[in-house]
Amino acid sequence: MPAPDRQPGKRLLRLQLNGRWREDAVAESMLLVDYLRSVAHLTGVKTGCDGGECGACTVLVDGEAVPSCITLTVRCDGRSVETVEGLAVQGRLSRLQLAFHEKLGTQCGFCTPGMIMASEALLRRNPSPTSDEIRAALSGNLCRCTGFVKILESVKAAAGACNDR
Amino acid sequence: MTADPTVDGKIVGRGIPLIDGREKVTGSARYTADLAHADALVGRILRSPVSHGNIVRLDVSRARALEGVRAVVTGDDCPHCYGVLPIAMNEYPMARERVRYRGEPIAAVAAVDAETAERAIRLIELELCALPAHYTSADARASGAILLHDDKPGNLEREVHHEFGDLQQGFAEADLVREERFSCAEVNHAQIEPHACLVDYDSLTGRLLVQSVSQVGYYLHLTLARCLEMDASRIRVVKPFVGGGFGARVEVLNFEIITALLARASCGTVFMQLSREETFLTHRARPQTDIALRLGMRRDGRITACACEVVQRGGAYAGYGIVTILYAGALLQGLYDIPAIKYDGFRVYANLPPCGAMRGHGSVDTRHAFECLLDRMVHDLGLDPIAVRRANLLKAPTRTLNDLMVNSYGLAECLDAVERASGWRDRIGRLPAGKGLGVACSHYVSGAAKPIHWTGEPHAVVNVRLDFDGGITALTGAADIGQGSSTMVAIAVAETLGVALDRVRVIAADSAVTPKDNGAYSSRITFMVGNAAIDAAKKLKAILVNAAAHKLEAKPDDVEVIGEVFRVGRAEQASIPFADVAKAALVDRGAITVTGTFTCPPEAQGGRHKGGAVGSTMGFSYAAQVVEVSVDEATGAVTVDKVWAALDCGHAINPLAVEGQIQGSVWMGMGQALYEETRYTDGLPVHASLLEYRMPTIADSPPIDVHIVESHDPYGPFGAKEASEGALASFPPALVNAIANAIGIDLNELPATPDRIVDALIRRRRQAKLALARKATS
């Protein structure tokens, strides 16, 4: 059996996933969402549409929110990829996770991982966003349950909690 | 009846995060597509490329022969029709002889991976002889139109004709009679989780395990037994986390039966994931509806008569159709006091994906027409829209003309709340150009009082278990689809028992373990399952109190439970902690399981006229909302600046969840009012993506101020009624009324798109010019 980096159509990929480096043989055409869900077994990353339309698959690549369903895995070679599973530290929920939970920014929960990751990217670059800035940052994440009211409140609460430190 | 509205809430009435919230925010919650299925076969469906046709030839031999294909099924493999209503089952999981909508399943394949399954689908040879297709109700009803179903002349699934009171006298008494026609586009639930199911058939035991997105596992269970000709006792239906329903999943869906057939044919596990396009094709949502409405009103604003005709374009199969067309008329009543009502409803077949139930069911589009016309007549008479609604309130308790119970009625308080919060009195008529305020009311049932399957069983059953570990387990078949029903059950049990919320765990929706539940439909769970949970908890409490009384050598009546401590009077030594009481209760009998039930009595189940059960409920929720808009006359763009929504939910068991549901339903109404519509070209759905099906994003979504009104229903659990559907139907008319207030344009079509507004403005300018020209020449 040929070595992984010489298998037809597959490339050796090395990336940092939720803080830990890993190596996998990955087909050139493999989408990041499929890699995360079926190779890395991180089912927190969701598929909600037929490509790039709903934001449920949002993850962070080098700190930026990207739609993993239209991102090729091989483009993440050497980069840092973060999913919702990586946010809690030793069982302690992040400020965003806690806020979404306590403020009911999540109802059915299906859009929640993507919504939280997009919010995380926002708060990292803008720790005190205005309502308009939150809306702009999350405009690519669809939710059908909340009407977005409590999502906005959750992000604001998390931002406030960050700033209280 | 089991309600106890006077319980002083220690948990009830506090805003509680959902008990399964942690799983959702950490990504550990497993939805159907997240369940382990690496070794499962992959299912794919071949769908009809034409809207209407006879199957001339279907040859699956090449697909079957492809390496890696384990099973191929067609309509021949299931001769049993199905449908959510036992009296209207005319659909097959895969078409037999005839296809009736573009996208209808014809065959399906299970293979070792997705690529193989898709190649196999392309190898299936299909010949169809196309038939004329109907895409509108008018075409379908035209004389000589080809019938979709031979036993349904005129392509009518159902006609409804109801008349109550003296209509002629009502209109004669009116100072103003006005008639208008409205048209509401078909919309879709568009829940974020696409459809999926995972089915395992064990050929050794003959057992079927189904894990699916269903809102009613019970119907799925029955239907699989029927369609697979299996003993129901060999079937197990489990609900994983579900990413939204809104009615999309209250019916058994064709792909679920298909996957089960594939699993059995391949003697293995099959995973079926529908694309978003296929999820749209599966549909079962709110039909395109035409409403002709005539109202009579006295000079003082009192409504004297109402005549309403509704035509619903129901799609290709029966589904929920009979109930939908009945709801459209039934809920004309129960909101206001109307002395004479005539309703004529027509449910029509068309060669389009079948419609079904969607939040608010058939009541939404009718309520829209009513609240819009009401406002226009109020305007004609120079009256105030809120004052007129007040003038037509019911006096509870009462029964409507169509025999629906109204036991608690907080509509007046809802109107007061939104009038005050929006600053209506100070602002109406004084807003700047292009800005408007609009008001509307709505209501909905807290569960249909008559279940779909009349088995003689209670309408809700909850088991509560206590064992040596002191943990309380509530077992319910109720499907939590994100609305928080499991949290509600935990609260009801903990509150009744007087224990901490985290002593209670809820196990839900596993047919091998939990008692059967009639499902998450018609917003029944809080009312019915909540009452059953309280009933069970009371029974367990009695056992525990008896055990404590025995240990304390006191009478059970003297035992109080406060903060998980059982005590007699104030003395510290006369108290026992929960764990010790539990151990004492287990002596001689071991692990305790109690059963609590709830049933709607016959007098709650509606009138004796045909279809009279639809609309019946133990309690209606009531809503009023005020919508503020800014309209750009140049582009027709409407911005919703703010919404004030008040809903009477009887009592908010969990105010945080209630607010969330009200906001969500108001927002969903906004989507229907402004943006959403399905669109078909020769039956091909051109809306079938989340880009084309334009639901509002966070950028389009306004602040929604919620006011919870509590009328304390005498029969609801802790006085509660539903809170998830009631507020939806008042948004679209409040919006259209606000647009009228802003720019003086009356719109009769939903959605209220910029094109329609600009067209209306152009028409008005043209008419004004013509009028001026005529004046000049006269």
Side-chain angles (χ1 to χ4, degrees), chain A residues 37-38 41-56 83-88 91 93-94 96-116 131-132 134-152 154, chain B residues 15 17-18 20-31 33-35 38 189-194 241-246 273 275-277 480-484 656-657 659-668 670-671 688-692 695-704 706:
Chain A
R37 285 178 57 83
S38 52
H41 304 296
L42 296 170
T43 57
V45 186
K46 308 296 183 200
T47 303
C49 69
D50 293 341
E53 298 174 344
C54 73
T83 71
V84 73
E85 288 94 336
L87 289 183
L93 297 181
S94 74
L96 267 171
Q97 287 174 310
L98 200 60
F100 268 78
H101 174 57
E102 290 179 341
K103 298 276 173 199
L104 211 68
T106 176
Q107 287 186 24
C108 83
F110 200 78
C111 77
T112 300
M115 195 72 71
I116 288 179
S131 289
D132 283 347
I134 297 173
R135 287 180 194 284
L138 300 184
S139 60
N141 290 75
L142 297 178
C143 171
R144 197 55 167 161
C145 294
T146 64
F148 298 104
V149 184
K150 292 189 186 303
I151 287 176
L152 212 56
S154 299
Chain B
L18 302 178
D20 54 7
R22 194 195 165 86
E23 289 94 306
K24 292 166 185 171
V25 300
T26 57
S28 65
R30 292 205 174 242
Y31 301 76
D34 304 328
L35 302 170
H189 321 82
Q191 76 289 342
I192 305 297
E193 179 197 24
F241 277 82
V242 170
F246 316 113
Q273 168 82 66
S275 65
R276 175 55 62 179
E277 183 181 23
D480 196 321
I481 52 173
Q483 85 284 52
L656 186 62
E659 271 174 29
Q661 288 295 301
I662 295 170
Q663 287 163 345
S665 58
V666 164
W667 173 91
M668 194 171 272
M670 183 177 89
S689 72
L690 290 180
L691 189 64
E692 295 295 332
M695 70 169 111
T697 68
I698 193 173
D700 308 305
S701 301
I704 301 172
V706 170

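Every value quoted in this text rests on a predicted model; they were computed, and no experiment measured them. Each chain gets a letter, A, B and so on, in the order its sequence line appears, and its residues count up from 1.
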Original post:
Taking A/G105, A/G140, A/C143, A/C108 one by one, which has the highest count of heavy-atom pairs under 4.5 Å against chain B?
Top reply: A/C108

Original post:
Does some side-chain heavy atom of B/P194 sit less than 4.5 Å from a side-chain heavy atom of A/F110?
Top reply: yes

Subject >> Most chain A-contacting option - heavy-atom pairs closer than 4.5 Å, from B/S275, B/A688, B/P702 >> reply: B/S275

Original post:
Side chain, backbone, both or neither: which part of B/Q191 has a heavy atom under 4.5 Å from chain A?
Top reply: backbone

Subject >> Any donor-acceptor N/O pair, A/Q107 side chain to B/G660 backbone, under 3.5 Å >> reply: yes

Original post:
Of the non-hydrogen atoms in A/C145 and B/F246, which two are nearest, and what is the gap between them?
Top reply: SG-CZ, 3.7 Å

Original post:
In terms of heavy-atom pairs under 4.5 Å, which option from B/A699, B/A38, B/S689 contacts chain A the most?
Top reply: B/S689

Original post:
What do the steps show when you test A/K150 against B/E659 for salt bridge (Lys or Arg N to Asp or Glu O under 4.0 Å), and what is the final call?
Top reply: CA-CA 9 Å; A/K150 292 189 186 303; B/E659 271 174 29; 2.6 Å; yes

**OP:** Specify which of B/M670, B/E193, B/E277 makes the most heavy-atom pairs with chain A at under 4.5 Å.
**Re:** B/E193

**OP:** For each of A/I151, A/T106, A/L152, A/L93, tally heavy-atom pairs with chain B at distances under 4.5 Å, and name the one with the top tally.
**Re:** A/L93

Original post:
What heavy-atom pair brings B/W667 and A/G147 nearest, and what distance separates the two atoms?
Top reply: CG-CA, 3.4 Å

Original post:
Is there side-chain contact between A/R135 and B/T697, with heavy atoms separated by less than 4.5 Å?
Top reply: no

**OP:** Please state whether the side chain, the backbone, both or neither of B/R30 comes within less than 4.5 Å of a heavy atom of chain A.
**Re:** side chain

Original post:
side-chain contact (heavy atoms from CB on, under 4.5 Å) between B/V25 and A/I116: does it pass, once the steps are laid out?
Top reply: CA-CA 8 Å; B/V25 300; A/I116 288 179; 3.9 Å; yes

**OP:** Would you name the heavy atoms of A/E53 and B/L690 that are closest together and state the gap between them?
**Re:** OE1-N, 2.9 Å

Original post:
Which value, rounded to the nearest 0.5 Å, describes the distance between B/M668 atom CE and A/R144 atom CZ?
Top reply: 4.0 Å

**OP:** Using non-hydrogen atoms and a 4.5 Å limit, figure out which bit of B/I704 sits close to chain A: side chain, backbone, both or neither.
**Re:** both

**OP:** Examine whether an atom of A/T47 lies under 4.5 Å from a heavy atom of chain B, and if so say whether it belongs to the side chain, the backbone or both; otherwise answer neither.
**Re:** backbone

Subject >> Side chain / backbone / both / neither for A/S38 at chain B, heavy atoms under 4.5 Å >> reply: neither

**OP:** Can you see which heavy atom on A/H101 is nearest to which on B/P17, and at what distance?
**Re:** O-CB, 3.4 Å

**OP:** Go through the steps for A/Q97 and B/T26 under the test side-chain contact (heavy atoms from CB on, under 4.5 Å), then give the verdict.
**Re:** CA-CA 7 Å; A/Q97 287 174 310; B/T26 57; 4.0 Å; yes

**OP:** Would you check if B/I698 and A/N141 make a side-chain contact, meaning some heavy-atom pair closer than 4.5 Å?
**Re:** no

Subject >> A/K46 and B/D34: CA distance, side-chain angles, deciding distance, side-chain contact (heavy atoms from CB on, under 4.5 Å) verdict >> reply: CA-CA 9 Å; A/K46 308 296 183 200; B/D34 304 328; 2.6 Å; yes

**OP:** Measure distances from B/Q483 to the heavy atoms of chain A and classify the residue's part below 4.5 Å as side chain, backbone, both or neither.
**Re:** neither

Subject >> Max heavy-atom pair count under 4.5 Å with chain B, selected residue of A/G44, A/A136, A/G109 >> reply: A/G109

